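Structure record follows, encoded as structure tokens.
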Amino acid sequence: MAVREMLAGTPWWVKWVAIPALVLLVFGGLITSVLTFVIGLLFKVLLLVALVAGLLYVVGKFSSSGRSREDW
């Protein structure tokens, strides 16, 4: 409640411009590192899913073509 009372008397630009700018200045490197890690991890997961799906598709194609030759 004390923070809310202190911010009540400040102009709008302090709440919406100065404080977020200070947060970005202090924690900007940490925020960038976390976002880089999360985006990199998401990319690797999507790449893994695509590679596994491609592998299953290729194996399914060769397996079904092998079975059709045996049926002849």
Side-chain angles (χ1 to χ4, degrees):
M1 295 295 284
V3 174
R4 188 174 290 179
E5 292 170 0
M6 286 189 329
L7 289 176
T10 58
W12 67 270
W13 59 269
V14 172
K15 293 181 218 174
W16 299 107
V17 176
I19 293 176
L22 287 174
V23 169
L24 285 176
L25 182 70
V26 173
F27 294 107
L30 176 66
I31 293 169
T32 304
S33 298
V34 169
L35 284 177
T36 303
F37 174 75
V38 169
I39 291 171
L41 186 65
L42 181 64
F43 175 74
K44 288 179 182 179
V45 167
L46 289 175
L47 182 64
L48 176 66
V49 168
L51 289 173
V52 169
L55 178 66
L56 292 176
Y57 176 77
V58 169
V59 168
K61 276 291 191 184
F62 281 116
S63 295
S64 65
S65 67
R67 274 192 231 128
S68 63
R69 274 190 243 140
E70 292 173 1
D71 291 342
W72 286 93

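This one's a predicted model, so the numbers in the text were calculated from it and none came from an experiment. FYI, the numbering just counts along the sequence from 1. We use all heavy atoms of the structure for the numbers below, so side chains are in, but hydrogens, waters and symmetry mates are not.
- A 4.5 Å side-chain heavy-atom check between Ile19 and Leu7 finds at least one atom pair inside the cut-off.
- Results of the side-chain contact (heavy atoms from CB on, under 4.5 Å) test with Leu48 over Leu46, Val52, Val45 single out Val52 as the only residue that passes.
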Can you give me every donor-acceptor pair (side chain of residues 26-43, partner residue at least two apart or in another chain, under 3.5 Å) with its distance?
residue	atom	partner	partner atom	Å
Thr32	OG1	Gly28	O	2.8
Ser33	OG	Gly29	O	2.9
Thr36	OG1	Thr32	O	2.7

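- Residues satisfying the side-chain contact (heavy atoms from CB on, under 4.5 Å) test with Trp12, not counting sequence neighbours, are Trp16, Val17.
- If you chain together hydrophobic residues whose side chains sit under 4.5 Å apart, Val3 and Val14 fall into the same group.
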